*Asks:* 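My questions all concern the structure below.
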Protein chains: 2
Amino acid sequence: MSSQFTGAMVQRFVDLCRDRGTPATPQRIEIYRALAGSEAHPTPEMLYDQVRLSMPSMSLATVYKTLDTLVALGVASEIATTGDAKRYDANMEQHHHLVCTQCHSISDFRAPAFERIPLIAPEDFTPEFVSIRVHGLCKKCKASPPHS
Amino acid sequence: MSSQFTGAMVQRFVDLCRDRGTPATPQRIEIYRALAGSEAHPTPEMLYDQVRLSMPSMSLATVYKTLDTLVALGVASEIATTGDAKRYDANMEQHHHLVCTQCHSISDFRAPAFERIPLIAPEDFTPEFVSIRVHGLCKKCKASPPHS
DNA sequence: TTTCGGTTGATAAAAATTATCGCGTTAGAT
DNA sequence: ATCTAACGCGATAATTTTTATCAACCGAAA
Ligand SMILES: [Mn+2]
Ligand SMILES: [Mn+2]
Ligand SMILES: [Zn+2]
Ligand SMILES: [Zn+2]
């Protein structure tokens, strides 16, 4: 999400809140702005640190509660990871992820070859959507291998 | 992993331990057997409960430590989830997963269409492997929708 | 048999997440 | 304008999950 779009995303978020009757509080707006403005698929703690810069009274519990709200509203999703903290994504477009096996960074990835993955499943499973993740070494970790 | 193969997997595990100089202790064998014999991609807690049936002295800490060992040996892997506990898999063959959006069950899935997914990535990312997960409703949850 | 390094089980500690609750704000009713 | 009820917020406690610590134990090797 390049920052030039973040403002528009926030505006759409505020509009959606009005439509749904969910109060668009300053806290919710700032948390959503931080999430929408990040490409790191941040953890609650990371969002907490970011939001406190402009809103020092922010509580970590509010970050957790708001992230639940954002997911329920359909403007964010939780990402499956093997890490020790939850990670969120405000990019609701169909896309996939690059996951670094070394530093566990996650970045968006879209490729035509992945656009038309068939939505298949066994008889007794009702598929809804597919997510693909490409595991490997990110640019940074390729450049600086683990200090032996 | 149908149970008839579990014995063979355990045997290969013991052999591998000998090759690597890693003691194949009774605890490790029982934990590996429980994991290899499960199709549920169990959590440490689930494995702990299972192993205690035959080895009541088992400690939960040993389960955690052993799972780390199994992953390091390359005979198990941790699965990325959005859940609140780690989940493990002893199936090291290339395969993918069906993830129930309702009960969060995970089951193995192989399909020819997924066998030849290209290992692609942007220029600056070195891809190693791809994992695909199909999200949807499992058989059980399809049959019994959430009690309204 | 003695030694020694690694493993186990018990437990404490840490980290992450969720629950609780009083307060403040606000929308709506009077 | 005032009152009231509902809801969100921040503080904090509690819970859950995972990791660290450490003494006792075990088995291989001397
Ligand atoms: Mn993303
Ligand atoms: Mn599997
Ligand atoms: Zn990396
Ligand atoms: Zn299900």
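Every chain is numbered from 1 and lettered A, B, ... according to where its sequence line falls, protein lines coming before strand lines. Since we're looking at a predicted model, the values are computed, not measured.
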*Asks:* Students often get this wrong, so: under 4.0 angstrom with heavy atoms, is Ser57(B) touching a base, only sugar-phosphate, or nothing?
*Replies:* sugar-phosphate

*Asks:* Would the distance check show the side chain of Thr82(A) and the main-chain N or O of Glu78(B) forming a donor-acceptor pair, the cut-off being under 3.5 Å?
*Replies:* no

*Asks:* For Tyr48(B) and dT16(D), give me the distance from atom OH to atom C1', rounded to whole Å.
*Replies:* 15 Å

*Asks:* Compare the minimum distances between each of dC9(D), dT7(C), dA16(C) and the side chain of Thr66(A), then state the nucleotide with the smallest one.
*Replies:* dC9(D)

*Asks:* Under the side-chain contact (heavy atoms from CB on, under 4.5 Å) criterion, do His95(B) and Asp89(B) qualify, and how do the steps go?
*Replies:* CA-CA 11 Å; His95(B) 70 288; Asp89(B) 195 343; 3.1 Å; yes

*Asks:* Phe114(B) ring centre to Arg116(B) NZ or CZ under 6.0 Å, with the angle to the axis within 45°?
*Replies:* no

*Asks:* Which nucleotide sits closest to the side chain of Pro23(A): dG10(D), dT7(C), dG8(D)?
*Replies:* dG8(D)

*Asks:* Mind calculating the distance between CG (Leu60(B)) and C1' (dG9(C)) to the nearest angstrom?
*Replies:* 11 Å

*Asks:* If I take atom CD1 in residue Ile29(B) and atom P in nucleotide dT7(C), what distance separates them, rounded to the nearest angstrom?
*Replies:* 14 Å

*Asks:* Calculate the interatomic distance between Arg52(B) atom CZ and dT8(C) atom P; express it in whole Å.
*Replies:* 17 Å

*Asks:* So if I take every side-chain heavy atom of Ala61(B) and compare against dT17(C), dT11(C), dT18(D), which nucleotide ends up nearest?
*Replies:* dT11(C)

*Asks:* The side chain of Pro44(B) lies closest to which of these nucleotides: dT18(D), dG10(D), dT8(C)?
*Replies:* dT18(D)

*Asks:* dT7(C) P sits how many Å from Leu73(B) CG, rounded?
*Replies:* 10 Å

*Asks:* Would you sort out whether His96(A) and Gln94(A) count as a side-chain hydrogen bond (donor to acceptor under 3.5 Å, both in side chains), showing the intermediate values?
*Replies:* CA-CA 7 Å; His96(A) 302 290; Gln94(A) 142 105 24; 3.2 Å; yes

*Asks:* Is Asp15(B) salt-bridged to Arg12(B), going by a charged N under 4.0 Å from an acidic O?
*Replies:* no

*Asks:* Indicate, with a heavy-atom threshold strictly under 4.0 Å, whether Ala85(A) touches base, sugar-phosphate, or nothing.
*Replies:* sugar-phosphate

*Asks:* Could you give the CG-to-C1' distance, from Asp84(A) to dA20(D), as a whole number of Å?
*Replies:* 15 Å

*Asks:* Does a nitrogen or oxygen in the side chain of Lys86(B) sit under 4.0 Å from OP1 or OP2 of dT16(D)?
*Replies:* no

*Asks:* State whether Tyr64(A) places a side-chain N or O below 4.0 Å from either non-bridging phosphate oxygen (OP1 or OP2) of dT17(C).
*Replies:* yes

*Asks:* Under 3.5 Å, is there an N or O donor on one side and an acceptor on the other linking the side chain of Lys65(B) and the base of dG6(C)?
*Replies:* no

*Asks:* Met46(B) CE to dT18(D) P: how many Å, rounded?
*Replies:* 13 Å

*Asks:* Whole Å only: how far is the CG atom of Asp68(B) from the C1' atom of dG6(C)?
*Replies:* 16 Å

*Asks:* Using only side-chain N and O atoms of Thr62(A), determine if any of them is under 4.0 Å from OP1 or OP2 of dG10(D).
*Replies:* yes

*Asks:* So what does Thr25(B) touch, heavy atoms closer than 4.0 Å: a base, only the sugar-phosphate, or nothing?
*Replies:* sugar-phosphate

